[in-house]
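In what follows, chains are A, B, ... by sequence order, proteins preceding strands, each numbered from 1. This structure is a prediction, so every number in the text was calculated from the model and none was measured.
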Number of protein chains: 4
Amino acid sequence: MQTVKPRRRQARGERRIAQLLDAAADVFATDGYTAATTNAIAAAAGVSPGTLYQFFPNKQSMAEALADQYIAALAVAHDQAADRRIAGVPLDDVINQMVDPAIRIASENHGFTAVFHFSGRLQSAVTDQVDGLIAIRVPELDPSRRRLIALVTVKIFEALLPAVLSASGRTRTEITGELKRVLRAYLLDISD
Amino acid sequence: MQTVKPRRRQARGERRIAQLLDAAADVFATDGYTAATTNAIAAAAGVSPGTLYQFFPNKQSMAEALADQYIAALAVAHDQAADRRIAGVPLDDVINQMVDPAIRIASENHGFTAVFHFSGRLQSAVTDQVDGLIAIRVPELDPSRRRLIALVTVKIFEALLPAVLSASGRTRTEITGELKRVLRAYLLDISD
Amino acid sequence: MQTVKPRRRQARGERRIAQLLDAAADVFATDGYTAATTNAIAAAAGVSPGTLYQFFPNKQSMAEALADQYIAALAVAHDQAADRRIAGVPLDDVINQMVDPAIRIASENHGFTAVFHFSGRLQSAVTDQVDGLIAIRVPELDPSRRRLIALVTVKIFEALLPAVLSASGRTRTEITGELKRVLRAYLLDISD
Amino acid sequence: MQTVKPRRRQARGERRIAQLLDAAADVFATDGYTAATTNAIAAAAGVSPGTLYQFFPNKQSMAEALADQYIAALAVAHDQAADRRIAGVPLDDVINQMVDPAIRIASENHGFTAVFHFSGRLQSAVTDQVDGLIAIRVPELDPSRRRLIALVTVKIFEALLPAVLSASGRTRTEITGELKRVLRAYLLDISD
DNA sequence: GATGAATGAGAGTTCATTCAT
DNA sequence: CATGAATGAACTCTCATTCAT
């Protein structure tokens with residue numbers, strides 16, 4: 001009985017948090033992280049600035065919360081493709097299974113690009129995934145070299161993502177294709 | 001000869017402009033373009049804010065002036081390697097002749113990375129150079145596809161440049177090597 | 001009754017607005033509209049610049065808010081004299097009933113003169129009142145000519161008001177008398 | 001022989017002064033006295049700010065120099081009409097001979113209106129002229145009352161001048177007519 | 001929890017005026 | 001005389017954050 005109230009409170013709080021993060025993602029996407037203002041985010045969420053600070057201690061923390069959301073979404077996608085992550089799968093398939101969900105998640109979450117630039121956590125998470133995949137495919141690779149390759153791979157993805165997202169239709173397909181071509185060429189080169 | 005007198009006046013101004021641009025490059029490098037403030041630039045140059053505005057109408061114009069400097073420096077480097085830009089040269093040499101001077105110029109000019117992100121002019125200039133080189137090596141390529149490839153190449157360079165510059169010694173060599181590997185693999189892939 | 005709570009929040013804000021407008025009127029009166037600075041107004045109101053901008057987007061909007069106050073005060077005075085605004089009243093009485101309240105309001109509101117110069121709204125409101133009065137007294141007058149006469153009347157008032165306000169005692173009475181003399185002579189001239 | 005050089009210098013200096021005052025009048029007319037900047041005036045005159053300050057110690061002094069020009073021009077016009085300034089002349093003629101040249105001079109000198117507001121000297125000079133005329137026509141008038149009437153007359157002129165100048169063709173004639181009507185009615189009233 | 005008022009340092013920019021050349 | 005570089009205080013306006021209610 002007494003647990004009902006707390007639950008409601010938590011529920012309301014979580015709704016608020018979701019609402020604020022959605023607003024933050026929109027504003028980050030529109031103005032960029034730096035130019036985004038907490039007042040604008042609060043306004044976009046339809047609450048007062050004070051309310052925002054009841055849930056987030058500062059702007060940075062909102063970006064990090066979004067980063068966590070994106071990390072979780074990527075993990076889900078990654079796990080769904082887990083069964084094909086074994087050694088024998090063609091590289092093209094692996095790339096598709098990494099790039100396509102990532103692009104989809106970035107498309108569906110307006111703030112993704114903006115947050116990616118500022119969240120070391122998100123970058124690390126993605127890099128870890130890539131690193132793991134390379135480890136499976138090229139087990140003999142030196143771990144530190146592998147890390148470097150993973151980093152480079154992620155940087156390339158980060159660099160081309162905005163172009164992909166701002167395009168649509170045929171153009172988007174083209175640019176996505178180019179991104180995959182780069183990655184395949186690079187990663188094939190390593191395996192040799 | 002008669003121009004000496006008028007020039008003396010400009011000389012001070014031109015020294016100031018150089019001084020201000022140096023300061024701007026430093027501040028851009030340290031704080032990033034967005035966070036850089038005109039007051040900080042003026043202070044770094046040892047002049048008052050008003051002096052800055054006698055030569056530059058705003059921050060953006062300073063970035064563009066730096067971009068022009070970098071474009072000029074790149075053009076010089078490019079021209080010096082002109083004799084080897086002919087068709088038969090190995091791809092590795094071409095990449096070396098593009099990447100090494102670019103990294104050198106970026107090393108010598110602190111503001112390069114920061115300006116690169118915000119100056120369409122600088123990005124276009126580099127893209128044009130790359131586009132031209134591809135045209136020589138793979139003349140049968142469709143021009144619009146060639147432009148896309150050039151753009152991707154430049155984005156990759158842009159994405160990895162900060163990592164190169166923030167490293168030194170062996171690590172820098174390693175990362176530079178990785179950058180070249182990516183480009184070689186990608187560009188070889190096209191020629192097929 | 002239920003509106004009490006929400007109002008309490010606005011109450012502070014509305015007090016601040018009144019306080020800021022009072023301060024603005026003082027500063028406008030002292031320095032003139034153009035020379036008045038928002039920082040000076042904020043300081044005069046005992047608040048920080050940021051607070052001012054929470055309620056007014058700029059200096060102009062403060063002048064307009066004051067203009068609205070003055071328009072309202074003039075309307076009240078005008079309405080109180082409404083019963084004597086009928087056709088048969090002597091011109092002298094009409095002039096007294098226009099000029100005296102206007103001077104009183106201008107005396108009681110330090111910013112009046114300064115705002116009058118810059119607020120088309122305030123000028124229009126006063127001109128409309130005068131226009132209406134002339135319409136009652138000289139109905140056969142062409143409306144566009146009537147408007148012109150009203151405009152001239154208001155400009156004369158505006159031109160002599162500062163002299164009236166900066167005087168006091170006997171001198172003020174004298175200058176006020178001169179203002180009324182001008183208007184009476186001019187408006188009598190028209191009726192002919 | 002030695003006087004040639006100084007003369008040349010003076011001549012050049014006076015040309016500069018005229019050039020600067022013309023520029024100042026233009027800028028005052030366009031932007032108003034307060035908003036006018038000395039840099040803008042110097043630029044409009046085609047000289048450097050330093051040169052401006054070689055001839056005028058500050059902005060105010062330029063307004064005063066212009067005021068002197070206008071006073072001189074008004075004096076010439078006044079003197080030309082001197083023969084009709086005697087007692088018997090109809091009031092309408094006197095008003096015409098005051099108003100018409102003043103409007104002509106204001107038309108021909110863009111800065112007139114702007115300077116009029118800020119130059120006590122110019123206002124006094126005009127007031128003196130009017131005062132003198134009234135003295136001739138109504139010699140029995142108490143001097144201090146006469147001064148007041150002259151002041152009021154000049155304020156009315158000042159108040160309606162911008163409307164006259166910003167109009168043209170028929171409209172200008174109309175407004176000018178209204179100005180004269182006001183003055184005639186007022187001044188006739190006094191003579192009674 | 002929620003509100004919105006309040007802060008105040010600091011951003012970009014301007015300008016009358018001075019001074020070295 | 002002329003130049004134009006230099007000044008620096010002052011201006012308008014912003015925003016992350018705090019706090020009374």
Engineer: Determine yes or no for a side-chain-to-main-chain donor-acceptor pair under 3.5 angstrom, with N109(C) supplying the side chain and F112(C) the backbone.
Structural biologist: no
Engineer: Between dA16(F) and T38(A), is there an OP1 or OP2 to side-chain N/O distance shorter than 4.0 Å?
Structural biologist: yes
Engineer: Quick one: is dA5(E) close enough that its OP1 or OP2 comes under 4.0 Å of any side-chain N or O from T51(C)?
Structural biologist: no
Engineer: Minimum heavy-atom separation for A106(C) to L165(C), with atom names?
Structural biologist: CB-CD1, 3.9 Å
Engineer: In whole Å, what is the span from the NZ atom of K59(B) to the C1' atom of dG10(E)?
Structural biologist: 13 Å
Engineer: Of the options dC13(F), dA11(E), dA5(E), whose atoms approach the side-chain atoms of P49(A) most closely?
Structural biologist: dA5(E)
Engineer: Mind listing the closest non-hydrogen atom pair of M62(C) and A24(C) along with its distance?
Structural biologist: CE-CB, 3.9 Å
Engineer: Of the nucleotides dT3(E), dT7(F), dA11(E), which one has an atom closest to the side chain of Q54(A)?
Structural biologist: dT3(E)
Engineer: Just call it for A36(D): base, sugar-phosphate, or nothing, with non-hydrogen atoms closer than 4.0 Å on any strand.
Structural biologist: sugar-phosphate
Engineer: Heavy-atom nearest nucleotide on DNA chain E for G50(C) versus G50(A): which residue maps closer to 5'?
Structural biologist: G50(A)
Engineer: Would you say S48(A) reaches dG4(E)'s phosphate, i.e. side-chain N/O to OP1/OP2 under 4.0 Å?
Structural biologist: no
Engineer: Is N58(B) touching bases, backbone alone, or none of the nucleic acid, heavy atoms closer than 4.0 Å?
Structural biologist: sugar-phosphate
Engineer: Main chain of D26(C), side chain of T30(C): is a donor-acceptor contact present, judged purely on distance under 3.5 Å?
Structural biologist: yes
Engineer: With respect to the side chain of V47(A), which nucleotide from dT3(E), dT7(E), dC15(E) is positioned closest?
Structural biologist: dT3(E)
Engineer: Would you indicate what F56(A) reaches in the nucleic acid, counting non-hydrogen atoms under 4.0 angstrom: base, sugar-phosphate, or nothing?
Structural biologist: nothing
Engineer: OP1 or OP2 of dT13(E) versus the side-chain N and O atoms of Y53(B): is any pair under 4.0 Å?
Structural biologist: yes
Engineer: Rounded to whole Å, how long is the line connecting atom CZ of R15(B) with atom P of dG4(F)?
Structural biologist: 16 Å
Engineer: Quick check: do H117(A) and Y33(A) have side-chain heavy atoms less than 4.5 Å from each other?
Structural biologist: no
Engineer: Pairs counted only when both distances fall under 3.5 Å, Watson-Crick or G-U: show me the 5' to 3' dot-bracket for DNA chain E, [ ] for pseudoknotted crossings and | for other-strand partners.
Structural biologist: .||||||||||||||||||||
Engineer: Expressed as a whole number of angstroms, how long is the span from N39(A):CG to dT7(E):P?
Structural biologist: 15 Å
Engineer: Nearest nucleotide by nearest heavy atom, which residue falls closer to the 5' end of DNA chain F, P57(A) or A40(C)?
Structural biologist: A40(C)
Engineer: Taking only N and O in the side chain of R16(D), is any of them less than 4.0 Å away from OP1 or OP2 of dA2(F)?
Structural biologist: yes
Engineer: Work out which heavy atom in S119(D) is nearest to a heavy atom in A67(D); give both atom names and the distance.
Structural biologist: OG-CB, 3.3 Å
Engineer: Starting at atom CG of L52(D), determine the distance to atom P of dG4(F), rounded to an integer number of angstrom.
Structural biologist: 14 Å
Engineer: F55(C) has an atom CZ; how far is it from atom P of dT14(F), in whole Å?
Structural biologist: 15 Å
Engineer: Could you report the tightest heavy-atom contact between I71(B) and A125(B), atom names first, then the distance?
Structural biologist: CG1-CB, 3.8 Å
Engineer: Can you tell me how far P of dA11(E) sits from CD1 of I41(B), to the nearest Å?
Structural biologist: 11 Å
Engineer: Counting distance only, does the side-chain N/O of K59(A) pair as donor-acceptor with the main-chain N or O of T37(A) below 3.5 Å?
Structural biologist: no
